[in-house]
Structures are given as structure tokens and as C-alpha cells.
2 protein chains.
Amino acid sequence: MNDTLSLLMNHRSIRKYLDKPVSEEQLRAVVAAGQMASTSSNVQAYSIIAVTDQEKKRRLAGLAGNQAYIIECPVFLVWCADLYRLKKSTEAHSGDKETYEDSTENFIVATVDAALAAQNAAIAAESLGLGIVYIGGVRNSIADFSEALELPDLVYPVFGMCLGYPDQDPGLRPRLPVEAVLHRDSYNPGAIEEVRSYDQVSADYLSKRTAGKNSTPWSELMAKRLAEPVRLHMKDFLNRKGFMKR
Amino acid sequence: MNDTLSLLMNHRSIRKYLDKPVSEEQLRAVVAAGQMASTSSNVQAYSIIAVTDQEKKRRLAGLAGNQAYIIECPVFLVWCADLYRLKKSTEAHSGDKETYEDSTENFIVATVDAALAAQNAAIAAESLGLGIVYIGGVRNSIADFSEALELPDLVYPVFGMCLGYPDQDPGLRPRLPVEAVLHRDSYNPGAIEEVRSYDQVSADYLSKRTAGKNSTPWSELMAKRLAEPVRLHMKDFLNRKGFMKR
């Protein structure tokens with residue numbers, strides 16, 4: 001196994017950070033590596049807000065689920081899908097022509113672009129000895145969160161990412177067996193059977209991490225999650241911001 | 001610069017492949033590395049269809065834009081957002097409870113999950129000496145494409161990915177300056193000015209790659225792209241598949 005593969009296979013989300021700054025050079029290296037990810041037709045339809053101001057981090061944490069690690073990490077990155085830059089920087093060429101920044105297709109392009117860049121950045125950060133954790137909570141109160149960052153129309157925060165030196169070494173979380181997610185030549189509905197063995201594996205893992213207090217199998221945890229009316233404001237919010245009107 | 005960072009900074013999309021197979025061991029290593037990417041609340045809401053059957057690759061290529069490299073690469077991976085597995089494997093626990101697999105929020109979760117896993121897989125592949133290119137064309141005729149792969153409801157192909165040994169060494173494509181995409185503490189609309197210098201850089205790059213035949217600046221290329229009524233079927237298709245109903 002080469003060093004890169006070994007790095008990828010040893011990813012853990014870090015939720016406790018040392019009180020040690022991330023340098024400007026490191027931040028730029030992480031973002032530059034993110035930018036080298038593939039992007040649909042070179043649109044590069046994303047922006048990153050690096051939040052280091054302590055007061056602002058506190059405010060954003062309050063809107064995103066109050067995780068202490070958003071406040072404690074030296075840099076909080078907010079990864080945004082951004083069709084605003086595309087729209088604005090092409091206006092001089094577009095004239096009166098109809099444009100399609102409001103299509104569901106372009107919403108997907110921008111969201112995927114942001115995710116590919118972020119994952120490259122995450123790997124770059126880990127290769128530099130830094131740790132990260134993704135924060136979906138930026139979508140909890142997404143309107144207020146967007147306002148706090150002064151995001152214009154056609155920009156939305158897809159997720160956040162804490163960045164800093166790890167102050168913990170959590171265990172590796174087991175994933176579904178490869179057979180559950182990898183299909184051959186067409187979709188195999190029978191792959192779902194693989195979840196059974198994973199229920200046992202993930203229950204054992206959870207039991208170990210909670211000193212026996214919790215051993216809920218994955219499918220039961222997921223059933224609870226799927227029954228939660230989470231972030232049902234997303235459709236309206238995105239429409240209001242100019243996304244997915246058609 | 002460490003080896004991983006150097007790998008990330010040297011990414012090129014590969015559109016010509018050697019006639020040399022990717023081993024089962026390599027394929028599994030690539031997928032396993034993909035699975036170690038972060039996933040929202042551990043939902044792992046994606047599936048990968050590895051297409052190696054030559055007839056099927058030919059058929060899929062015909063539906064995705066007829067790129068020769070889809071047929072020539074030894075393995076064509078189709079990365080799908082998959083809420084079907086989540087729904088099916090939790091039914092026994094859910095009983096009569098309302099569930100939210102049809103929310104825009106869960107559509108975003110599944111799409112982002114697929115993208116993060118795919119980018120990890122891309123890095124893993126490149127670390128093994130393989131090359132990749134993302135294929136957005138899977139969304140060109142997405143209904144027929146999905147049918148060819150027998151994708152059930154709540155599964156959609158986000159993008160494809162060719163995988164194989166490179167038979168070319170294309171130049172590095174320059175990206176927007178870091179200042180254009182990286183904002184500090186809040187969104188800076190002035191960052192758009194950075195596009196001007198990039199217009200020159202990307203025009204020079206294009207001119208070099210086309211032996212002077214094409215030197216269209218980025219913002220002009222993007223204006224053309226934004227004025228194309230591309231894949232306007234996406235919204236209806238996704239709704240029909242059970243996604244984003246609310």
C-alpha cells in the first residue's frame with residue numbers, strides 16, 4: 001500500500017483540536033489542492049469562506065448546531081456552491097441571451113464541484129498533519145447562516161469543514177462491505193443483504209466506543225434518521241436563492 | 001511538498017487509455033478508499049456500478065455523448081446517489097412512520113456523499129498509477145441511461161468515471177487564482193475581479209493546446225455554456241425517481 005492510499009484508508013473525523021494556528025501557507029496549499037480536483041467543463045462553481053474571526057465562528061456555531069469544535073478549530077471553512085461568480089463574470093458576453101443558472105442541472109454541477117474540491121482539500125490537509133470534520137449543520141438555519149456570511153443569490157453553503165491540528169485519535173469507523181456498494185454491470189437489488197453483516201459490525205463498533213452503553217445496529221440508527229423531518233426548508237430556501245427554478 | 005500533495009497538484013483528466021486491464025484487487029482498493037471518505041451521519045448513500053462488459057459500455061457511451069474513452073477504458077464506474085438502500089434496509093424498523101427520503105435535504109446528502117467517495121476513489125486510483133476522467137454525460141439521456149443499468153427508484157447516476165492506465169500525458173489545466181475562490185470571514189463580491197487575470201491565463205493555455213487555433217477567454221467560454229439549455233429534464237426526472245418531492 002502506498003502512502004496516499006494509506007492516508008485515505010486512515011481517515012477519521014477530528015472533533016477536538018489543539019490551540020495551534022494553521023498558517024496562511026497551509027491554508028493556501030489546502031485550497032489550491034482543492035482547486036485541482038475535476039470540475040464540470042472547468043466551471044469551478046464553488047467558493048470557500050475561511051472563517052478565523054473568533055466572534056464570527058461563535059455566531060456560526062450557534063447557527064449550525066453549537067458544536068464546540070467549530071469555535072475551537074483555528075480555521076472554519078464554509079464550502080459553497082457558487083453560480084453567482086459564473087453569472088456575474090459572463091454577463092458582459094451574454095447580452096440579452098437567456099441563461100440557465102437556475103436549472104436543476106447547474107445546481108447539481110455546482111454542488112458536485114464544491115464537494116470534489118472539498119474532498120481534495122481534506123486529503124491535502126490530512127497529508128499536512130491537520131485534521132478535518134465536515135459540518136452538515138450549516139444547513140440547519142441556512143438562511144441566517146448565509147446572511148451571516150453575506151452570501152449573495154446563487155450561492156449556498158453546502159457544508160462546513162473544521163481545520164486544525166488534531167487533539168484526539170479516534171478509532172476507524174467501519175464502512176459497509178464493498179459488496180454492499182459495488183455493483184457489476186447493472187444495479188443488484190440483492191446487494192442489500194450485505195447490510196445484515198454490517199449491522200453486527202457497526203453495533204460491535206458502537207458498543208466498544210460507548211463502553212457497552214449503545215449497540216444499536218446501523219439499519220435501526222438509519223431508520224431513526226430517515227424518520228426525522230430534517231431541514232425541510234431546503235427546497236424553498238434554494239428556490240429563493242435562485243437555484244433549481246426549473 | 002509531500003507525495004500526496006504532489007499527486008493532488010498534478011491531476012489531469014485522462015481521455016486515452018492503454019489496452020491493459022485493471023485488476024479486481026485494484027478495483028476493490030479504489031472503491032474501499034472511496035468508502036473511507038466522510039459521509040453524512042454515516043448514511044453512505046451511494047452505489048457504484050462497475051461496468052466492464054464491452055457491449056454495455058458501448059451502449060452507455062452512446063447515451064452519454066459517444067466518447068471513445070468510455071468504450072476504451074477497461075472499467076467504467078457509474079457513481080450513483082442511492083437512497084434506495086437506505087429506504088429498503090430500514091423498512092423493518094420504520095413501520096408506519098413517515099420518512100423523508102423524498103426531501104431536498106436528503107437529495108443533497110446523497111449527491112454529496114457520492115461525490116466525496118468518488119473523489120477519494122479518484123485519488124486512490126491515481127496513486128496506483130491509474131488515470132480517471134469524470135463523465136457528466138451520464139445525465140444527457142439520464143432516463144435511458146438509468147434503465148440500461150436497471151437503477152431502481154431513489155437511485156440516480158450523478159456522474160461516470162473512466163478508469164484505466166493512461167496512454168497520454170496532457171498538460172496541467174490552470175485554475176482560477178486562489179483569491180477568486182477563497183474569501184475571508186464573509187463573501188467578497190470583489191473577488192470577481194480576479195477573473196480578468198484568469199481570462200488571460202486560460203486563453204494562453206487554450207492557445208498553446210490548440211496550436212493557436214483557439215484562444216477564447218474563460219469568461220466567454222462560460223457565457224456560451226451558461227446559455228446552453230443543457231439537461232433541462234433533470235428536475236422532472238429526479239421527481240419521477242422519488243427525489244426532491246419536498
Problem - Evaluation steps, salt bridge (charged side-chain N to carboxylate O under 4.0 Å, His left out), between B:E228 and A:K97 - result: CA-CA 10 Å; B:E228 282 167 17; A:K97 256 185 261 165; over 6 Å; no
Practice task
Please assess A:Y187 against B:L151 for the test side chain to side chain contact (heavy atoms under 4.5 Å, CB included), listing each intermediate value before the final yes or no.
Solution key: CA-CA 6 Å; A:Y187 194 92; B:L151 303 184; 3.9 Å; yes
Practice task
Report the C-alpha distance between A:R28 and B:E179 in whole Å, list the side-chain angles of each, state the deciding distance to 0.1 Å, and finish with yes or no for side chain to side chain contact (heavy atoms under 4.5 Å, CB included).
Solution key: CA-CA 9 Å; A:R28 291 178 70 94; B:E179 288 71 23; 2.7 Å; yes
Handout entry: Step-by-step side chain to side chain contact (heavy atoms under 4.5 Å, CB included) determination, A:Y156 to B:I108
Key = CA-CA 12 Å; A:Y156 89 96; B:I108 293 173; 4.0 Å; yes
Exercise for the section: Could you check B:W218 against A:N42 for side chain to side chain contact (heavy atoms under 4.5 Å, CB included), going step by step and ending with a plain yes or no? Expected result: CA-CA 9 Å; B:W218 182 79; A:N42 202 27; 3.7 Å; yes
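Of the listed residues B:E101, B:E126, B:H233, B:R173, the one with more heavy-atom pairs under 4.5 angstrom with chain A than any other is B:R173. Heavy-atom pairs under 4.5 Å with chain A were tallied for B:K88, B:K57, B:R139; the largest tally goes to B:R139. When each of B:P229, B:A115, B:S94 is scored by its heavy-atom pairs under 4.5 Å with chain A, the top score falls to B:P229. Interface check for chain A: of the options B:S38, B:A33, B:S103, the most heavy-atom pairs under 4.5 Å are formed by B:S38. Across B:K224, B:M222, B:M234, the residue that shares the most heavy-atom pairs under 4.5 angstrom with chain A is B:M222. No other option in B:V109, B:T111, B:L86, B:D113 has as many heavy-atom pairs under 4.5 Å with chain A as B:L86.
To the nearest 0.5 Å, the span separating CZ on B:R184 from CD1 on A:I49 amounts to 11.0 Å. To the nearest 0.5 angstrom, B:S89 atom OG is 10.5 Å from A:E193 atom CD. With rounding to the nearest 0.5 angstrom, the CD1 atom of B:I123 is 4.5 Å from the CG atom of A:N120. Note: B:D3 CG to A:N2 CG = 9.0 Å, rounded to the nearest 0.5 Å. Here the straight-line distance linking atom CG of A:L238 with atom CD of B:E105 works out to 10.0 Å at 0.5 Å rounding. The CE atom of A:M36 lies 5.0 Å from the CZ atom of B:R175; values are rounded to the nearest 0.5 Å.
Residue B:L83: no heavy atom, backbone or side chain, is found under 4.5 Å from chain A. Contact annotation for B:M244: both backbone and side-chain heavy atoms come within less than 4.5 Å of a heavy atom of chain A. With a threshold of 4.5 angstrom between heavy atoms, A:L221 does not approach chain B through any atom at all. Neither the backbone nor the side chain of B:F76 comes within less than 4.5 Å of any heavy atom in chain A. Interface residue B:V31: only side-chain heavy atoms are found under 4.5 Å from chain A. Using a 4.5 Å cut-off between heavy atoms, B:E194 does not touch chain A at all. Neither the backbone nor the side chain of B:L60 comes within contact range of chain A, judged by heavy atoms closer than 4.5 Å. For B:T52, the parts lying near chain A are the backbone and the side chain together; criterion is any non-hydrogen pair under 4.5 Å. Contacts of B:V158 with chain A are made by side-chain atoms alone, with heavy-atom separations under 4.5 Å and no backbone atom involved. For B:L128, the parts lying near chain A are the backbone and the side chain together; criterion is any non-hydrogen pair under 4.5 Å. Proximity to chain A (any heavy atom under 4.5 Å) is restricted, for B:V155, to the side chain, taken from C-beta onward. When heavy atoms are compared at a cutoff of 4.5 Å, B:L232 approaches chain A solely by way of its side chain, counted from C-beta outward. Proximity to chain A is limited to the side chain of B:V195, based on heavy atoms less than 4.5 angstrom apart. The contact between B:L226 and chain A is made by backbone and side chain atoms together, counting heavy-atom distances below 4.5 Å. When heavy atoms are compared at a cutoff of 4.5 Å, B:E98 approaches chain A solely by way of its backbone atoms N, CA, C and O.
Side-chain contact annotation: A:N106 with B:R225, donor-acceptor N/O pair under 3.5 Å present.
Remark: the backbone N or O of B:T104 is not paired with any side-chain donor or acceptor of A:R231 at under 3.5 angstrom. In this structure, A:Q44 contributes its side chain and B:L176 its backbone to a donor-acceptor pair below 3.5 Å. Using modelled atom types, no side-chain atom of B:D53 and backbone atom of A:D185 make a donor-acceptor pair closer than 3.5 Å.
The closest side-chain heavy-atom distance from B:V78 to A:H183 is not below 4.5 Å.
With respect to B:S219, the side-chain hydrogen bond (donor to acceptor under 3.5 Å, both in side chains) criterion is satisfied by exactly one of A:E91, A:R85, A:H93: A:H93.
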